[in-house]
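Heads up: the structure comes next, in structure tokens.
On a predicted model such as this, the values are computed, not experimentally measured, just so you know. Values below: every heavy atom of this structure, side chains too, minus hydrogens, waters and symmetry copies. We name chains A, B, ... by the order of the sequence lines, and we start the count at 1 in each one.
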Amino acid sequence: MRQVRSTDWLFHLYLVLFLAYMLVPLIVMGGAAFNDSRFPSVYPWVGWTDRWFVELWADKRMWNAFANTIYVALAVVAISVPIGTAAAIVINSIAGTTRSVLYALMVAPILTPGAVIGISTLLFWNGVGNAAGSEFFLFKAGLHMSVLGQVSFIAAFVMLLVLARLQSFDRGLEEAALDLGASHSQVMRRILLPHLYPAIGAGAAIGFFQSIENFNVTLFTRGTYDTLTVYVFSKVRTGITPTINALALIMITATLLGAVGYEIIRRRRERRLAGR
Amino acid sequence: MKDLLNRYGLLLTTVFAVLTGFWILVLVVLPNIYLFEHSFKPYLPVAELGGPKDVYSLDNYLTFFRSPIHISVFVWTVVYSALVTVICFLIAYPLAYYLSKVSARALLPTIFLLLFIPLWVSEVLRSFAWFIILALKGPLNASLLGLGIIEDPVRWISGFRGVIIGLVYTYVLFMLFPLYNAIQSLDTNQIEAAEDLGAPWWRTHWRVILPHAKPGIASGSVMVFMLSAGSILVPTLLASTNSRWFTEIIQQWMFESQDWNTGSAYAFLLLILCTVFVSVVMRVFRVKLSDIAK
């Protein structure tokens, strides 16, 4: 343990300032949702109101965007979790140049700007449609294309998480099961997957959130559909009203509840492990 | 491949290979090759596609190099993204050091919980928050005026100032977490040894902690630079009339001119920029790709 220094209070102060810097803007934005002023702000304070929440609730376009966001996020999780898990298993059992090349190709989408992913996905599927001479809806921009674009980099997050978990896997278990007459699918279902579940769960959660807050890829691939981020963006650009702040406050509260819930589960699990 | 077959059998191996192949080929490699190919094609009406005019040329790229405005927007995007990266590092480094080596262990989960909240709030809302704060008659000017620090309201959103403020706020956590992970893995005994041997605090940082934190610095820099240069939301919401971002020009080609081919040439330039940045960082910090990604 490091001894206490006389300069430590400076660090404490810095941490407090940084936390304020991170959180105060969110509080200001949330607070503006209750201000009875047509332009969203906390200053000057005109008076308390809940009308922005009422207006938001009545906004059909918002509900539509909300539903679209959830559909896309669920589809992204459903596709990227199997892909990311499979890719991690493949990467884990090969070596040499093939491994480095494959690995580079897999992490490249994380390091690619979202706009590039969006545009290349849009152009590619459009091109496939033209080549096939087909007007089939799958080749036109739309939410399904946003899903494909998002999967291309969210699968990489899942892959990295599962790969990290695979490092702590004891291969001997697999071999023992095979020697004792288990089939390959039994080994997969009863031994490998249970070991990977924590990473798969974390991957699914991260993928879900990443998809909900994605904007860059969605903007280029969405066609005429709205998602929540696109909805907020277009509202801010055109008719800015404090309903956005009401929506922001709801989203922040949801995030907060999710984070606190996760933390409670984590601490309970830790205590259980410590109690063993 | 043989190892895979032995371990998981033919059926499962095929499933793994198909899933991985679909991702790498159909979602990553082919779209990018297609983007590259199309950036050399002219923008033609549908009737002339495949006709005599439909040949490869450098025209789309020449459009960029012949336009002083586009070049200057590109250069400023690079310069200011690099500046944002440096500012993020300066803000995050002391904090990462504090969190990994100084602060009380018991408090860490709570601090991280508080830090995760802004991270999970979507980018569009985070830039919107600053849009409110920085407004001419907004809370920031009001409180500074109230405290007597400034005489007249400051026009915060002018030049690239609003964009820089927004980008730093939005992406500083992408610098903090990799730095924290890197510094945390350093044995505290090494820091104490340096101090016991009489090194002043700045030399301990320069010779012991910073070199150890290299993978974290590389990873954080790559993420912050790439996200900043590729950001669409922050420059649109917080830009003034004389601060344009390269992504806005890409959007113009894609949506206003509907010229997807020139758009893809410009998108490809952005991709090259990020690739160059990643390779420079890997060279300078002597790290591998696997150190940068997580």
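Residue M251(A) touches chain B through its side chain alone, counting heavy-atom pairs closer than 4.5 Å. For L119(B), the part sitting under 4.5 Å from any heavy atom of chain A is the backbone (N, CA, C, O) and nothing else. Both the backbone and the side chain of L148(A) have a heavy atom closer than 4.5 Å to some heavy atom of chain B. For chain A, the nearby part of F22(B) is the side chain; its heavy atoms alone come within less than 4.5 Å. Heavy-atom distances place no part of F116(B) under 4.5 Å from chain A, backbone and side chain included. The contact between V151(A) and chain B is made by backbone and side chain atoms together, counting heavy-atom distances below 4.5 Å. Within the 4.5 angstrom heavy-atom criterion, atoms from both the backbone and the side chain of W120(B) approach chain A. The contact between P82(A) and chain B is made by backbone and side chain atoms together, counting heavy-atom distances below 4.5 Å. Using a 4.5 Å cut-off between heavy atoms, L99(B) touches chain A through its side chain atoms alone. Looking at L30(B), the atoms closer than 4.5 Å to chain A (heavy atoms on both sides) sit in the backbone and in the side chain alike. Heavy-atom distances place the side chain of F131(B), and not its backbone, under 4.5 Å from chain A. Only the side chain of L176(B) comes within contact range of chain A, with heavy atoms under 4.5 Å apart. V121(B) touches chain A through backbone and side chain together, each having a heavy atom under 4.5 Å away. Looking at L123(A), both its backbone and its side chain come within 4.5 Å of chain B, counting heavy atoms on both sides. With a 4.5 angstrom heavy-atom cutoff, L95(B) touches chain A via backbone and side-chain atoms both. For V18(B), no part sits under 4.5 Å from any heavy atom of chain A, backbone or side chain. Interface remark: T236(B) contributes side-chain atoms only to the contact with chain A (heavy atom separation under 4.5 Å). If you measure heavy-atom distances from I133(B) to chain A, the contacts under 4.5 Å come from the side chain alone. Heavy atoms closer than 4.5 Å to chain A are found in both the backbone and the side chain of L125(B).
Applying the side-chain contact (heavy atoms from CB on, under 4.5 Å) rule to A182(A) yields the partners A177(A), Q186(A), V187(A); only residues at least two apart in sequence or on another chain are considered.
The line from CZ of F233(A) to CD1 of I232(B) is 7.5 Å long, rounded to the nearest 0.5 Å. From T275(B), atom OG1 reaches atom CG of L111(A) across 9.0 Å, with rounding to the nearest 0.5 Å.
Looking only at distances, a side-chain donor or acceptor of H184(A) sits under 3.5 Å from a matching main-chain atom of R7(B). The closest donor-acceptor contact from the side chain of N32(B) to the backbone of S120(A) lies at 3.5 Å or more, if one exists at all. Of the possible polar contacts, none joining the Y14(A) side chain to the Y98(B) backbone as a donor-acceptor pair under 3.5 Å is found. Judged by distance alone, with hydrogens and angles left aside, the side-chain atoms of W23(B) form no donor-acceptor pair with the main-chain N or O of A87(A) at under 3.5 Å.
A tilted orientation is assigned to the rings of F11(A) and Y97(B), their planes being inclined by 30° to 60°. Ring-plane geometry between F255(B) and F220(A) is classed as parallel, the angle between the planes falling under 30 degrees on a 0 to 90 degree scale with a further cut at 60.
Residues V28(B) and F153(A) have side chains not in contact (no heavy-atom distance under 4.5 Å, counting atoms from C-beta outward).
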task: Show your working on side chain to side chain contact (heavy atoms under 4.5 Å, CB included) between W130(B) and M29(A) and close with a plain yes or no.
output: CA-CA 8 Å; W130(B) 282 94; M29(A) 176 169 59; over 6 Å; no
